[in-house]
Asker: 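Got a structure for you, written out below as structure tokens; questions coming shortly.
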Number of protein chains: 2
Amino acid sequence: MAKLKKTSANPRKAPAQDRSRATVDVILDAAARILVKGGYAAFTTNRVAETAGVSVGSLYQYFPNKESLLGELMRRHVEELERGMVAITADAAKRPLAETIRALIEDNVRAHLVDPALHQVLSEEVPRLGPLDWRIAYGSRAAMRVRAALETRRSELAVGDLDLAVYLVTGAVESAIHDAVADRPDDLRSGALTEELTRMIVGYLTGKPLSARRSLRAAAE
Amino acid sequence: MAKLKKTSANPRKAPAQDRSRATVDVILDAAARILVKGGYAAFTTNRVAETAGVSVGSLYQYFPNKESLLGELMRRHVEELERGMVAITADAAKRPLAETIRALIEDNVRAHLVDPALHQVLSEEVPRLGPLDWRIAYGSRAAMRVRAALETRRSELAVGDLDLAVYLVTGAVESAIHDAVADRPDDLRSGALTEELTRMIVGYLTGKPLSARRSLRAAAE
DNA sequence: CGTGAATGCGAGCTATTGCTCATGTTATAC
DNA sequence: GTATAACATGAGCAATAGCTCGCATTCACG
């Protein structure tokens, strides 16, 4: 294996014509398919090019190195993940806390059910890409949004250190849902996991058990 | 890179003399050091042998392939992780639920503070080793133990699906602590995270907020 | 058209890896 | 002391890997 030698920080050419934009897409599609099918071990630039039906040369015309391929794949994924969250946290001040939290969890579940296999490989098997890694960037941005949302309802909260609480809560939700994609897909789809998670989080944050949950759910719809 | 060709399921020789037992240890030590220092990318059999001060030949006398090196490293780590948990869950019937849960969390924190760097590389960067992977095996055994412990106090629980609850709770604890090793080491060491986690979990499981927590902690000591 | 730029090609270079094997050295058994 | 098994060595093989570069093809546009 030639050691990824940081090929002189090469910002490769951006596609200008339609033909090349299609090439870029076809390459990324192939990359995703390979990751899903064979994991990171199968992810070689030669194989990606072959699967995409283009030559390695073309691949390296738009991606300076193998790492950047992963980077772009991750970027696109995060974009999708963040869309919903922004909308929900923006409305936090107008709605009851429990409702916002349930909405966030539901949205997270929904996002994780889109191409779950790729999502999983990307976050479990792909080596860390340094401090610019999407997981870190996404995680901290998500935490900031949730923190801001919770702050609009500070009086309802029964936690001391809000930062710590946000850290705990976002981490728990993210990881529970993420793991459940592989381990408990039925509970994910049925909403059972959403239900329990919501109960756990709301109870923790407000200090009061969320018992009238059925009615709350009805009210939210 | 020669593709790990499952070298004919070779069970290598086990060390018989003291000299060779020392060799095995020195190899595993070097392997751990390399993983911690350079991550999985730096983990090559040649480098491990060199760092250990032995030849590759000697390495392959005791480990059939690179994978098995990781396997042994993981096995030793899990052994350490499980020791405390077994003791605590065994006593679950005799103690209040909240106390058992706090003890489990505290023990998990303690375990994660032993060689945290190695623990992290092992669980984040090392490729999955198939269905025999330690993470899966360990996770499901841990879940079984916790489930059995909770069952001895079923009447205090306010959850419907105990399996789901155990899944949620063990996952949340494990991942929160794991992430906190990297993100919030101070909260981990100060006990703040233990405190909040315990509150969250006990509240969720019993349906009652754990408010008199200070006194509970005092009683546990 | 024709010309330069954009795009595409793929053989093959260089580096490195996992692992073997022929050979040497040390311990144990008798 | 000698034979046998355990242990150790390290040059080097086979297999890839990431990536380059000289050249071919296609496009935009006058």
Side-chain angles (χ1 to χ4, degrees), chain A residues 1-28 30-31 34-35 38-72 126-127 129, chain B residues 1-28 30-31 34-35 38-72 126-127 129:
Chain A
M1 189 203 301
K3 104 142 50 167
L4 266 191
K5 45 194 274 209
K6 281 284 152 241
T7 338
S8 64
N10 237 328
R12 265 324 122 100
K13 207 171 347 189
Q17 304 178 2
D18 277 0
R19 182 165 50 130
S20 54
R21 261 184 294 269
T23 302
V24 168
D25 282 348
V26 105
I27 288 171
L28 287 172
I34 287 172
L35 279 173
Y40 185 68
F43 185 71
T44 72
T45 53
N46 285 308
R47 173 121 74 202
V48 169
E50 189 189 8
T51 304
V54 304
S55 77
V56 249
S58 294
L59 190 159
Y60 278 96
Q61 197 129 93
Y62 304 105
F63 300 93
N65 49 46
K66 176 170 154 168
E67 198 175 302
S68 67
L69 254 178
L70 291 171
E72 180 60 15
V126 167
L129 264 48
Chain B
M1 190 201 302
K3 104 143 47 168
L4 266 193
K5 44 190 277 205
K6 280 283 151 242
T7 338
S8 64
N10 236 328
R12 267 321 126 99
K13 204 171 350 188
Q17 304 176 2
D18 277 359
R19 183 164 50 130
S20 52
R21 261 184 294 269
T23 301
V24 167
D25 283 347
V26 104
I27 289 172
L28 286 172
I34 287 171
L35 278 173
Y40 185 69
F43 185 71
T44 73
T45 53
N46 285 309
R47 173 122 70 203
V48 168
E50 189 190 7
T51 303
V54 305
S55 76
V56 250
S58 293
L59 190 159
Y60 278 95
Q61 197 132 98
Y62 305 105
F63 299 94
N65 49 45
K66 176 170 154 168
E67 199 175 301
S68 68
L69 253 179
L70 290 171
E72 180 60 14
V126 167
L129 263 49

Asker: May I ask you to verify if any side-chain N or O of Thr45(B) is less than 4.0 angstrom from the OP1 or OP2 atom of dC19(C)?
Answerer: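 Negative; the distance criterion is not met.
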
Asker: Just compare dG8(C), dG18(D), dC7(D) and give me whichever is closest to any side-chain atom of Lys66(A).
Answerer: dG18(D)

Asker: Rounded to whole angstrom units, what separation is found between the CD atom of Glu67(B) and the C1' atom of dG18(C)?
Answerer: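 Rounded to the whole Å, the gap is 12 Å.
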
Asker: If I compare all heavy atoms of Ala42(A) with all of Ile34(A), which pair ends up nearest, and what's the gap?
Answerer: O-CG2, 3.4 Å

Asker: Can you check the Phe43(B) CZ to dG18(C) P distance for me, whole Å?
Answerer: 8 Å

Asker: In whole angstroms, how far is the P atom of dT20(D) from the CZ atom of Phe63(A)?
Answerer: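 Value for this atom pair: 15 Å.
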
Asker: Write down the distance between CG (Leu59(A)) and C1' (dA11(C)), rounded to a whole number of angstrom.
Answerer: 17 Å

Asker: State, to 0.1 Å, how close Phe43(B) and Lys66(B) come at their nearest heavy-atom pair, and which atoms those are.
Answerer: O-NZ, 2.9 Å

Asker: Determine the minimum heavy-atom distance between Ala52(B) and Ile27(B), stating which atoms define it.
Answerer: CB-CA, 3.9 Å

Asker: Grab the CD-P distance between Gln61(B) and dA22(C) for me, whole Å please.
Answerer: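 Between P of dA22(C) and CD of Gln61(B): 15 Å.
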
Asker: Take the protein atom CZ of Arg47(B) and the nucleotide atom P of dA15(C), then report the distance between them rounded to whole Å.
Answerer: 16 Å

Asker: Check the distance between dA28(D)'s P and Asp18(A)'s CG and give it to me in whole angstrom.
Answerer: 8 Å

Asker: Just N and O in the side chain of Ser55(B): are any of them under 4.0 Å from OP1 or OP2 of dG10(D)?
Answerer: no

Asker: Using OP1 and OP2 only, check whether a side-chain N or O of Thr23(A) sits under 4.0 Å from dT7(C).
Answerer: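 For Thr23(A), the contact criterion (side-chain N or O under 4.0 Å from OP1 or OP2 of dT7(C)) is not met.
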
Asker: Separation of Asn65(A) atom CG from dT20(D) atom C1', in whole Å?
Answerer: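 Atom-to-atom, Asn65(A) to dT20(D), this comes out as 14 Å.
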
Asker: Taking the nucleotide of DNA chain C with the closest heavy atom to each, which residue, Tyr60(B) or Arg19(B), is nearer the 5' end?
Answerer: Tyr60(B)

Asker: Would you classify Val54(A) as touching base, sugar-phosphate or nothing, given that sugar-phosphate means primed atoms plus P, OP1 and OP2, and contacts are heavy atoms under 4.0 Å?
Answerer: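 Result for Val54(A) = sugar-phosphate.
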
Asker: Find which nucleotide of DNA chain D each of Ser20(B) and Asn46(B) is nearest to by heavy atoms, and output the residue with the more 5' nucleotide.
Answerer: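 Its nearest nucleotide being more 5', the pick is Ser20(B).
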
Asker: How far apart are the closest heavy atoms of Tyr40(B) and Leu70(B), and which atoms are they?
Answerer: CE1-CD1, 3.7 Å

Asker: Using a heavy-atom cut-off of under 4.0 Å over every strand shown, decide if Gln17(A) touches base, sugar-phosphate, or nothing.
Answerer: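 Sugar-phosphate, backbone atoms only, no base.
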
Asker: Asn46(A) and Val56(A): which non-hydrogen atoms are nearest, and at how many Å?
Answerer: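 In terms of heavy atoms, the two residues are closest at OD1-CG1, 3.2 Å.
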
